[in-house]
Amino acid sequence: MDPDVVRIIREYRTCEFTTLSNGSPQTWPVTPLLLKDGRFLIATNIGLPQKAVNVRRNPKVSLLFSDPTGSGVTKPGAVLIQGDAVSEDRIVADVSSEPDLAELAETVFARQPQGSSFMVGRLGRLLFPYYCMRILIHVTPRRAYLWPTRDFTEPPQQVDVTELRDVV
């Protein structure tokens with residue numbers, strides 16, 4: 001696995017998660033977690049379930065890691081993951097009950113300490129009780145591409161997605 005691909009996936013603060021809604025693309029900034037089996041975990045709260053709704057309608061999604069802001073990556077590139085997503089039917093009310101979700105939450109809290117601490121604090125839970133209630137979305141990569149310099153006028157390099165397994 002190209003170390004630049006892994007560094008981009010691990011260190012970029014967010015990526016652009018795109019789903020289809022009635023045939024039109026919808027994109028959100030998300031913080032995904034690369035799992036040991038090569039899939040990505042994304043979580044959305046029950047107050048903003050559109051990502052999960054779209055995935056249930058059409059599982060084709062993409063993750064574009066294109067913005068290195070705040071990542072510390074010195075040779076920023078871009079990685080596009082195209083894959084199939086599954087949105088779970090259950091709601092996870094206790095983030096710590098799922099090890100992968102707990103790890104994702106730790107990553108988000110580390111990257112957004114002020115906003116996250118408010119939302120999980122007493123006042124945040126009182127004002128926004130749904131915030132910590134999560135729907136899990138798992139993305140299985142089917143294709144991946146790398147732009148080593150983020151020059152999107154150049155053709156990308158194809159990446160073997162099977163190599164995403166066990167890089168964590």
Side-chain angles (χ1 to χ4, degrees), residues 5-72 79-144 161 164-168:
V5 171
V6 175
R7 189 173 309 111
I8 289 167
I9 289 171
R10 283 186 178 158
E11 300 300 326
Y12 280 24
R13 299 304 188 220
T14 61
C15 74
E16 295 81 41
F17 178 59
T18 300
T19 65
L20 292 173
S21 173
N22 299 322
S24 299
Q26 286 190 319
T27 302
W28 297 271
V30 298
T31 299
L33 177 66
L34 177 60
L35 303 174
K36 290 181 177 98
D37 64 4
R39 295 178 305 152
F40 290 86
L41 172 63
I42 296 168
T44 189
N45 70 53
I46 64 168
L48 301 167
Q50 193 62 48
K51 292 186 257 329
V53 170
N54 289 354
V55 162
R56 290 174 184 158
R57 284 186 196 143
N58 187 330
K60 303 295 182 202
V61 300
S62 69
L63 300 166
L64 178 62
F65 297 82
S66 65
D67 186 354
T69 302
S71 69
V79 173
L80 173 66
I81 305 289
Q82 296 173 326
D84 298 316
V86 174
S87 173
E88 294 192 12
D89 289 333
R90 67 190 176 103
I91 295 170
V92 179
D94 179 6
V95 173
S96 65
S97 69
E98 298 281 331
D100 291 335
L101 183 57
E103 185 178 345
L104 176 59
E106 286 178 27
T107 301
V108 171
F109 294 160
R111 293 177 179 177
Q112 304 170 5
Q114 293 168 332
S116 297
S117 62
F118 171 76
M119 294 303 280
V120 298
R122 188 168 182 242
L123 182 58
R125 285 190 318 243
L126 181 64
L127 295 173
F128 306 100
Y130 60 84
Y131 180 77
C132 290
M133 295 179 190
R134 297 288 166 165
I135 301 170
L136 305 183
I137 299 171
H138 288 91
V139 177
T140 301
R142 300 295 179 213
R143 286 177 297 284
V161 293
L164 288 174
R165 292 186 198 121
D166 300 316
V167 298
V168 179

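The first residue in the sequence is number 1, and the count goes up from there. All values reported here derive from a predicted model rather than from experimental measurement.
To the nearest 0.5 angstrom, Arg10 atom CZ is 10.5 Å from Leu33 atom CG. Taking CG from Leu34 and CZ from Arg39, the interatomic distance works out to 11.0 Å, rounded to the nearest 0.5 Å. Rounded to the nearest 0.5 angstrom, Lys36 NZ and Asp100 CG are separated by 7.0 Å. Separation of atoms CG (Asn58) and CG (Asp84) is listed at 9.0 Å; rounding is to 0.5 Å. We find the CD1-CD1 distance between Ile46 and Ile91 to be 5.0 Å, quoted to the nearest 0.5 Å. Rounding to the nearest 0.5 Å gives a distance of 8.5 Å between CG of Leu136 and OG of Ser87.
Closest approach of Val161 to Arg142, counting heavy atoms only: CG2-O, 3.9 Å. Taking each heavy atom of Arg134 and Leu101 in turn, the nearest pair found is CB-CD2, 4.2 Å. Scanning both residues, Pro49 and Ile135, for their nearest heavy atoms gives CB-CD1, 4.2 Å. Contact between Phe65 and Glu16 at its shortest, heavy atoms only, is N-OE1, 4.5 Å.
Between Leu164 and Pro141 the shortest side-chain heavy-atom distance falls below 4.5 Å. The shortest distance between side-chain heavy atoms of Val92 and Arg90 falls below 4.5 Å. Within the 4.5 Å cutoff, side-chain heavy atoms of Val30 are placed close to those of Cys15.
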Exercise for review: Could you walk me through whether Leu63 and Ile42 pass side chain to side chain contact (heavy atoms under 4.5 Å, CB included), step by step?
Suggested key: CA-CA 10 Å; Leu63 300 166; Ile42 296 168; 3.6 Å; yes

Practice item. Mind running side chain to side chain contact (heavy atoms under 4.5 Å, CB included) on Glu103 and Leu41 for me, showing each step along the way? Key: CA-CA 10 Å; Glu103 185 178 345; Leu41 172 63; over 6 Å; no

**Study point:** Pair Phe17-Asn54, side chain to side chain contact (heavy atoms under 4.5 Å, CB included): steps then yes or no
**Key:** CA-CA 12 Å; Phe17 178 59; Asn54 289 354; over 6 Å; no

Point to revise | Steps toward side chain to side chain contact (heavy atoms under 4.5 Å, CB included) verdict (Thr18, Leu64) | key: CA-CA 8 Å; Thr18 300; Leu64 178 62; over 6 Å; no

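Not counting sequence neighbours, Arg57 has no partner by the side-chain hydrogen bond (donor to acceptor under 3.5 Å, both in side chains) test. Taking Pro68 as the reference, Tyr12, Ser71, Pro76, Arg150 meet the side chain to side chain contact (heavy atoms under 4.5 Å, CB included) condition, with sequence neighbours excluded.
Side chain of Thr140 to main chain of Gly83: no donor-acceptor pair is present (N/O by atom type, distance under 3.5 Å, no hydrogens or angles). Listed for the Arg56 side chain is a donor-acceptor partner under 3.5 Å among the backbone atoms of Glu88.
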